[in-house]
Amino acid sequence: MPRATAPAILPGSGGMRGALSDLFWRRPQLLLLLMLLPPVLWLGIVYIGSLFALLAQSFFSIDEYSGLINRQFTLKTYGDLLQAANLDIILRTVTMAALVTLASAIVAFPIAYYAARYARGRWKALFYLGVMLPLWSSYLVKIYAWKLILAKEGILTWLLAKLHLLWLLDAWLSLPVVGGNSLSVSFTGTFIVFVYVWLPFMILPVQAALERVPGNLVEASSDLGASPGQTFRNVLFPLALPGIVAGSIFTFSLTLGDYIIPQIIGTSRLFIGQAVYSQQGTAGNIPLAAAFTVVPIVIMGFYLWGAKRMGAFDAL
Amino acid sequence: MRSDRGQSAPLSLKIAAACGLLFLHLPILLIFVYAFTTEEKSFVWPPPGLTTQWFAVTWNRPDVWEALSLSVRVAAISTAIALILGTLCSAAVSRTKFFGRETISLLVILPIALPGIITGIALRSAFSLAEIPFSFWTIVLGHATFCVVVVYNNAVARFRRTSGSMIEASMDLGADGFQTFRHVVLPNIATALLAGGMLAFALSFDEVIVTTFTAGQQQTVPIWMLEELIRPRQRPVTNVVAMVVVLVTLLPILFAYYLTRDGDQIAGSGK
């Protein structure tokens, strides 16, 4: 109700403060504007501004002889992206991201399903913390822990030796592409660590989606004679799908951009993130680095657009 | 008939869920064992012996203290900035519908929705275009930008649960806008802000990707660790620092969970 028609019971506080308060009451848009101005200015200038600076640089090119950046609009750098070596990097990264996403979904599902349907009270809290603590634990410490596990003399080799399964490890490591000298310098190692580090980002949205599935839907399905497998395929999975897609946004996007995991646990064959890092650092080719970062942005743009159409954003 | 209460899960599901949780936790626990190993050069398992001498060695390393001090200062300032920006933004978004509201929530989420390397290199190229030299403040600039979202998420969730009629009642009883904020709004959102602040602190303390692009020569704790992982100098010291980092980040997270456990989400972070 406007102030003019309903006089205040108490006199308003006077002075600057009262005047300001009254002004904001009468002009809520002004208050809104004042509240939005600092965060929007910060994010707009620091973040969006930087993104545009980056985008602009991807249209510059580098002079191959002098190593200087030529500040003239050109598409040459994007042409460089299409070289076989660079396409290879992009393809490798996207494949890895897809595999990591798939594996995370498979590992996450039982945890999320148990937490959503069976865990109650204290157990539920325990499950929640059990997912949150690894999610928030230090990223580098997690990678370091896996370095310890996957190293040649590490715990996994020891465990497999105790189980008399070393031949299996050796057979796997001798495979092309996925193998290597030891697990800590192979794509298999990179894959395991990616799945480990991003797994909580998949569990949480899947759990949120499953929590909305009424339990009696599952019971109705089995009452009507469906096997557990059929119930999963026809009832649970379709209802959990928006959650899986929401989780996959994280696992996919994070794998596309990461350069530390493949650098510490991986082979010398590069991923997009590593290419960006080395192009801007040692190679000094910021335009190419910038063009490389446009790749995950474009892929994620399409991905988000598709995910939104599937209703994944409601499961976030 | 309701039968989902007291019903127990199939054994295979229990085993799968338990294995998943073990997979998430065992590697972190392993760090604790390695902090006490007597082995200096390699990652050999099981540890040939146990010792606490590496704690003393780590304590006397000035580079560890410098990195820790820088990390704490960066995280403190970034959290303070994120608290101000995140609260203002969440208050604006939750109290009214306005044109561009969706855009603003997207703007806040974007720095963590896009891979960290994009934020990092974008900031770096902007610094180089604007000829800003690397300093303490360039690190803070990056960290505060992605910390806003954590505060924002926590505060928005709390604002949604706070009923608007309390604010109206306060106004009806004659309080002005500032009094209402001080005595009604702030006490209601205080724990959410505290939780958001703690998580923002933890996020900044742990951030490595953006920092590698904005730090120049300075080392935060994660940068120090990354350096040790690529060019190891004294492995046992890295083990000890890793264990301390786990403990230091664990406490704010548990505390934030305790503060927001009644239905709020403390999720919403990404690298």
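Because the structure is a prediction, the values reported are computed rather than measured. Chain letters run A, B, ... following the sequence lines, proteins first and then strands; every chain starts at 1.
- Most heavy-atom pairs under 4.5 Å with chain A: of the set T238(B), V246(B), L250(B), this distinction falls to T238(B).
- Between M202(A) and P205(A) the shortest heavy-atom distance is O-CD, 3.3 Å.
- When each of I111(A), T293(A), I155(A) is checked for heavy-atom pairs under 4.5 Å with chain B, I155(A) comes out on top.
- Taking V208(B), V93(B), V245(B), I15(B) one by one and counting their heavy-atom pairs under 4.5 Å with chain A, the maximum is reached by V208(B).
- Under the 4.5 Å side-chain criterion, counting only non-hydrogen atoms from C-beta, I261(A) is in contact with V197(A).
- Side-chain contact check for P296(A) versus I272(A): some heavy-atom pair is nearer than 4.5 Å.
- For I104(B), the part lying near chain A is the side chain, with the backbone staying farther off; criterion is any non-hydrogen pair under 4.5 Å.
- For the set I260(A), V276(A), I48(A), L55(A), the count of heavy-atom pairs under 4.5 angstrom toward chain B peaks at I260(A).
- Only the side chain of F213(B) comes within less than 4.5 Å of a heavy atom in chain A; its backbone stays farther off.
- Side chain to side chain, T211(B) and H143(B) meet the donor-acceptor criterion of an N or O pair below 3.5 Å.
- Residues I203(A) and A112(A) come closest through the heavy atom pair O-CB, 3.8 Å.
- If you tally non-hydrogen atom pairs under 4.5 Å between each of Q29(A), K147(A), M35(A) and chain B, the highest count goes to M35(A).
- Looking at E153(A) and S182(A), their side chains never come closer than 4.5 Å, going by heavy atoms from C-beta outward.
- Between chain B and the residues W42(A), Y114(A), F109(A), F24(A), the largest count of heavy-atom pairs under 4.5 Å involves W42(A).
- Using a 4.5 Å cut-off between heavy atoms, L159(A) does not touch chain B at all.
- With chain A as the partner, the residue from A122(B), A126(B), S125(B) showing the most heavy-atom pairs under 4.5 Å is A122(B).
- Between chain B and the options V107(A), I286(A), L133(A), T255(A), heavy-atom pairs under 4.5 Å are most frequent for L133(A).
- The shortest side-chain heavy-atom distance between L34(A) and L88(B) does not fall under the 4.5 Å cut-off.
- Taking the six-membered ring wherever Trp is involved, the centroid distance between the rings of F250(A) and W198(A) does not fall below 6.0 Å.
- Within residues 16-23 of chain B, the residues having any heavy atom less than 4.5 Å from a heavy atom of chain A are, in residue-number order, A16(B), A17(B), G20(B), L21(B), F23(B).
- A pairwise comparison of heavy atoms in F146(B) and E207(B) identifies CZ-CG, 3.4 Å as the closest pair.
- With respect to chain B, the highest number of heavy-atom pairs below 4.5 Å among A151(A), A290(A), A115(A), S253(A) belongs to S253(A).
- In this structure, chain A has a heavy atom under 4.5 Å from the side chain of I81(B), while its backbone stays farther away.
- For the options V148(B), L141(B), V241(B), L26(B), heavy-atom pairs under 4.5 Å to chain A are most numerous at L141(B).
- In terms of heavy-atom pairs under 4.5 angstrom with chain A, the leader among G142(B), A242(B), S12(B) is A242(B).
- A side-chain donor-acceptor contact under 3.5 Å links T212(B) and Y259(A).
- Listed here is the closest heavy atom pair of K142(A) and L135(A): NZ-O, 3.7 Å.
- Taking every heavy atom of both residues into account, H25(B) and G130(A) meet most closely at NE2-O, 2.7 Å.
- The parts of L148(A) that come within reach of chain B are both its backbone and its side chain, each placing non-hydrogen atoms under 4.5 angstrom from that chain.
- P111(B) is listed as a side-chain neighbour of L43(A), based on a closest heavy-atom distance under 4.5 Å.
- For the set I84(B), I118(B), L30(B), V108(B), the entry with the most heavy-atom pairs within less than 4.5 Å of chain A is I118(B).
- Nearest heavy-atom pair, A307(A) versus I249(A), reported as atom, atom and distance to 0.1 Å: CB-CD1, 3.9 Å.
- Annotation: side chain of Y152(B) is in contact with side chain of S105(B) (closest heavy-atom distance under 4.5 Å).
- When heavy atoms are compared at a cutoff of 4.5 Å, L107(B) approaches chain A by way of both its backbone and its side chain.
- Aromatic rings of Y257(B) and Y128(A) (six-membered ring for Trp) have centroids within the 6.0 Å cut-off, being under it.
- In this structure, the portion of T249(B) lying under 4.5 Å from any heavy atom of chain A is its side chain and not its backbone.
- For L51(A), the parts lying under 4.5 angstrom from a heavy atom of chain B are both the backbone and the side chain.
- The contact between I230(B) and chain A is made entirely by side chain atoms (from C-beta outward), counting heavy-atom distances below 4.5 Å.
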